[in-house]
Amino acid sequence: MRFDVFTLLPEVFKPYLSTSILQRASQKGLIEVHLHNIRHWATDKHQTTDDEPYGGGGGMVMKVEPIFAAVEDVLGSPPPCPVILLTPQGRLFNQQIAEELSHLSQIALICGRYEGLDERVREHLASDEISIGDYVLTGGELAALILIDAISRPIPGVLGDPMGAQADSFAMGLLEYPHYTRPPEFRGWKVPDILLSGDHGKIARWRREQSLLRTWQRRPDLFEKATLTQTEQRFLESLQQSQIEKNQNPPENNESRD
Ligand code: 6GU
């Protein structure tokens, strides 16, 4: 998978990409991240990449020409791959989108900065727009890193454990079960006995039930898309039944936690 990132801040990508799993993925040739500084395609002597908005008002707008020049110079015209604009106005990124994009051989990412960018980039260069959540960042760089990370993980060989990415409960549409490692007791807080029992069948069942319980308590909205076995369906119904008996409903969503 090749990523071409167009940004005014290429240096912010390097520390994260040269660490741990993503670095190993690059060394193994599984991913390639090419960083392109949009400023190199600015044509005036001050290498201007932003300008005042037509119609007035505050803030600066990223200029259209350097972005087109950068993308067309690197990728050709028309680009042979999706060109994704990172913007809070895009469709909301999730695991399903990450997995779909992980099957592609190449993706271009354009990071907006300042208060905005010329609408013609959106209309005539980008083929997709993605947001990572309902909050506003100062630029698309962190969002691009998040996409690169989430899109790389499902690529075979990126995680050490070949089952790794599929076994993630989020990939299966649920929240993760609780994890523990040594010591078996810390400040009086014990690891659940079942995890020390050596009974792998029971452990697997406990984990699946914990995933269901957590999802039910914190993110019941995820059940709308998850596919459950009959046993899991029955476990969920027993949770609902015990809750009805206590006359208490699960939280609507995770905003009401804590
Ligand atoms: Cl992709 N960019 C910016 N600037 N802010 C965001 C975002 C992206 N996603 C959520 N907030």
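Fair warning: this is a prediction, and the values are worked out from it, not measured in the lab. Counting convention: from 1, in listed order, for ligands and their atoms alike.
Counting non-hydrogen atoms of other residues, nucleotides and ligands closer than 6.0 Å to CZ of R2 gives a total above 12. The 12-atom threshold is not exceeded at OH of Y16, counting heavy atoms of other residues, nucleotides or ligands nearer than 6.0 Å.
Side chain of S131 to main chain of G133: a donor-acceptor pair is present (N/O by atom type, distance under 3.5 Å, no hydrogens or angles). Of the possible polar contacts, none joining the S26 side chain to the E32 backbone as a donor-acceptor pair under 3.5 Å is found.
With respect to atom 10 (C) of ligand 1, the closest heavy atom belonging to the protein is G133 O, 3.0 Å. The shortest contact between atom 2 (N) of ligand 1 and any protein heavy atom is with P88 CD, 3.6 Å. In this structure, atom 4 (N) of ligand 1 lies nearest to the protein heavy atom L137 O, 3.1 Å. Atom 1 (Cl) of ligand 1 has T87 N, 3.1 Å as its closest protein atom, hydrogens excluded (heavy atom only).
If you check each of L147, L92, I130, I132 against atom 9 (N) of ligand 1, the one with the closest non-hydrogen atom is I132.
Side-chain contact check for T7 and E141: at least one donor-acceptor pair (N or O, by modelled atom type) lies under 3.5 Å.
With a heavy-atom cut-off of 4.0 Å, S131 touches ligand 1 through backbone and side chain alike.
Ligand-side atoms of ligand 1 in range of L86: 1 (Cl), range being under 4.0 angstrom from any heavy atom.
For ligand 1, one of its N or O atoms has an N or O atom of Y135 under 3.5 Å away.
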